[in-house]
Amino acid sequence: MSDPTAIAQQFTQFYYQQFDSDRNGLASLYRDTSMLTWESTQIQGSQAITEKLVNLPFAKVQHKIVTIDAQPSSPSTASIIVLVTGQLLVDDGTNPLQFTQVFHLMPEGGSYFVFNDVFRL
């Protein structure tokens, strides 16, 4: 398996840049089998997840990553668990919110997709 930490860093950089600029672009990272848990609410499927993320109650957001930890998650599949902690500013606010997010990345065709995504403020 390639270096899980390097993959996690590349993934999170892309994910949060896309989230901060155009959340519709995140749809390609999810599949119909993917699940998002957003503050205890479970959402399944790429379309439903994208709708949730696009319709969050803020127009602008800026993520600042503080830590990224990654581990292989299976001895038989090149899947990866990624834990991200950070801060986010919404709608030009001045008080950053602390967040934690976990991604379970599954390999697919030389790349990865998000199988599980858990977000918590």
Side-chain angles (χ1 to χ4, degrees):
M1 172 190 273
S2 299
D3 178 15
T5 301
I7 293 167
Q9 289 172 339
Q10 291 172 357
F11 169 80
T12 54
Q13 180 181 6
F14 175 79
Y15 182 90
Y16 293 114
Q17 283 178 350
Q18 189 65 55
F19 194 108
D20 294 355
S21 62
D22 178 13
R23 287 175 255 166
N24 280 302
L26 296 172
S28 66
L29 298 176
Y30 297 93
R31 302 293 177 270
D32 288 340
T33 56
S34 299
M35 180 168 281
L36 166 67
T37 301
W38 184 275
E39 294 287 316
S40 302
T41 301
Q42 293 185 339
I43 301 133
Q44 184 156 13
S46 178
Q47 183 176 350
I49 292 169
T50 304
E51 286 175 14
K52 171 66 176 176
L53 298 177
V54 167
N55 292 313
L56 289 170
F58 46 80
K60 290 176 61 179
V61 62
Q62 180 182 359
H63 288 83
K64 180 183 179 214
I65 305 307
V66 176
T67 65
I68 301 171
D69 294 299
Q71 296 180 354
S73 63
S74 170
S76 60
T77 306
S79 57
I80 302 170
I81 296 287
V82 182
L83 172 64
V84 180
T85 63
Q87 301 174 337
L88 56 97
L89 287 172
V90 294
D91 293 331
D92 297 321
T94 56
N95 296 323
L97 303 169
Q98 305 297 316
F99 78 92
T100 302
Q101 192 160 13
V102 175
F103 298 100
H104 183 197
L105 305 178
M106 297 293 288
E108 180 183 70
S111 188
Y112 287 84
F113 74 92
V114 179
F115 185 61
N116 300 98
D117 179 351
V118 180
F119 178 89
R120 180 69 72 168
L121 285 175

Asks: Would you name the heavy atoms of Ser73 and His104 that are closest together and state the gap between them?
Replies: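 Heavy atoms of Ser73 and His104 come nearest at OG-NE2, 3.2 Å.
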Asks: Could you list who else is in Phe115's hydrophobic cluster, with ILVMFWY side chains joined at under 4.5 Å, directly or through other members?
Replies: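 Once heavy-atom contacts under 4.5 Å are chained together, Phe115 belongs with Met106, Phe113.
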Asks: Is there a path of hydrophobic side-chain contacts, each under 4.5 Å between heavy atoms of I, L, V, M, F, W or Y residues, that connects Phe11 with Met35?
Replies: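 Shared cluster, no.
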Asks: What's the spacing between Ile7 CD1 and Thr12 OG1 if we round to 0.5 Å?
Replies: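 One gets 11.5 Å once the value is rounded to the nearest 0.5 Å.
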Asks: Going by ring pair (Phe, Tyr, Trp, His ring centres under 6.0 Å), name the pairs with one or both residues in residues 35-55, residues two or more places apart or in two chains.
Replies: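 Every pair satisfying ring pair (Phe, Tyr, Trp, His ring centres under 6.0 Å) with a residue in residues 35-55: Trp38-Phe119.
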Asks: Using the rule given for side chain to side chain donor-acceptor pair (under 3.5 Å), can you reason through Ser79 versus Ser74, listing the C-alpha separation, both sets of side-chain angles and the distance that settles it, and then say yes or no?
Replies: CA-CA 6 Å; Ser79 57; Ser74 170; 4.7 Å; no
Asks: How far apart are the closest heavy atoms of Ile80 and Pro4, and which atoms are they?
Replies: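 Closest heavy-atom pair between Ile80 and Pro4: CD1-CA, 4.0 Å.
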Asks: Would you indicate whether the side-chain heavy atoms of Leu105 and Val114 approach each other to under 4.5 Å?
Replies: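 Result yes, sub-4.5 Å side-chain heavy-atom pair found.
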Asks: Nearest 0.5 angstrom please: Leu53 CG to Leu29 CG, how far?
Replies: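 Answer for the CG-CG pair, Leu53 versus Leu29, is 10.0 Å.
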Asks: Looking only at heavy atoms, what is the nearest atom pair of Ile49 and Ser34, with distance?
Replies: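 Distance-wise, the nearest heavy atoms are CD1-O, 3.7 Å.
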Asks: Report the residues that fulfil salt bridge (charged side-chain N to carboxylate O under 4.0 Å, His left out) with Asp92, sequence neighbours left out, ordered by chain and then residue number.
Replies: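 Asp92 satisfies salt bridge (charged side-chain N to carboxylate O under 4.0 Å, His left out) with Lys60 once adjacent residues are dropped.
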Asks: Could you state the interatomic distance from OG1 (Thr85) to CD1 (Ile65), rounded to the nearest 0.5 Å?
Replies: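 Atom-to-atom, Thr85:OG1 and Ile65:CD1 are 8.0 Å apart.
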Asks: Give the cluster check for Leu56 versus Leu89: same hydrophobic cluster or not, with ILVMFWY residues linked at side-chain heavy-atom distances below 4.5 Å.
Replies: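 Different clusters: Leu56 never reaches Leu89 through Ile, Leu, Val, Met, Phe, Trp or Tyr contacts under 4.5 Å.
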Asks: Give me the atom names and distance for the closest heavy-atom approach of Pro57 to Asp91.
Replies: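 Looking at all heavy atoms of both residues, the shortest contact is O-OD2, 4.3 Å.
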Asks: Could you check whether any side-chain N or O of Tyr112 sits under 3.5 Å from a backbone N or O of Ala78, counting only pairs where one atom can act as donor and the other as acceptor?
Replies: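 Yes; judged by distance alone, with no hydrogens or angles, the pair exists.
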Asks: Which residue pairs satisfy the ring pair (Phe, Tyr, Trp, His ring centres under 6.0 Å) criterion with at least one member in residues 45-70, sequence neighbours excluded?
Replies: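 The answer is Tyr16-His63, Phe19-His63, His63-Phe99.
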Asks: Only pairs at least two apart or in different chains count here, so list each side chain to side chain donor-acceptor pair (under 3.5 Å) that has a residue in residues 40-58.
Replies: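 Residue pairs with at least one partner in residues 40-58: Ser40-Arg120, Gln47-Glu51.
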Asks: Out of curiosity, Asp69 CG to Thr5 OG1, how far, rounded to the nearest 0.5 Å?
Replies: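 That separation rounds to 8.0 Å.
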Asks: Measure the spacing between CG of Leu88 and CG of Asp20 and express it to the nearest 0.5 Å.
Replies: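 With rounding to 0.5 Å, CG (Leu88) is 8.5 Å from CG (Asp20).
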Asks: Starting from Val102, walk the hydrophobic network (Ile, Leu, Val, Met, Phe, Trp, Tyr; side-chain heavy atoms closer than 4.5 Å) and list everyone else you reach, by chain and number.
Replies: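 Taking Ile, Leu, Val, Met, Phe, Trp and Tyr as members, Val102 shares its hydrophobic cluster with Ile81, Leu83, Val118.
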Asks: Membership question, hydrophobic clusters at under 4.5 Å side-chain separation (ILVMFWY): are Leu97 and Val84 in the same one?
Replies: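 As far as the 4.5 Å side-chain criterion goes, Leu97 and Val84 are connected within one cluster.
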Asks: Report whether Val54 and Ile43 are members of the same hydrophobic cluster (ILVMFWY, side-chain heavy atoms less than 4.5 Å apart, transitive linking).
Replies: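 Val54 does not cluster with Ile43.
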Asks: Check whether any side-chain heavy atom of Gln101 lies under 4.5 Å from a side-chain heavy atom of Asp117, and answer yes or no.
Replies: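 SC-SC contact between Gln101 and Asp117 confirmed.
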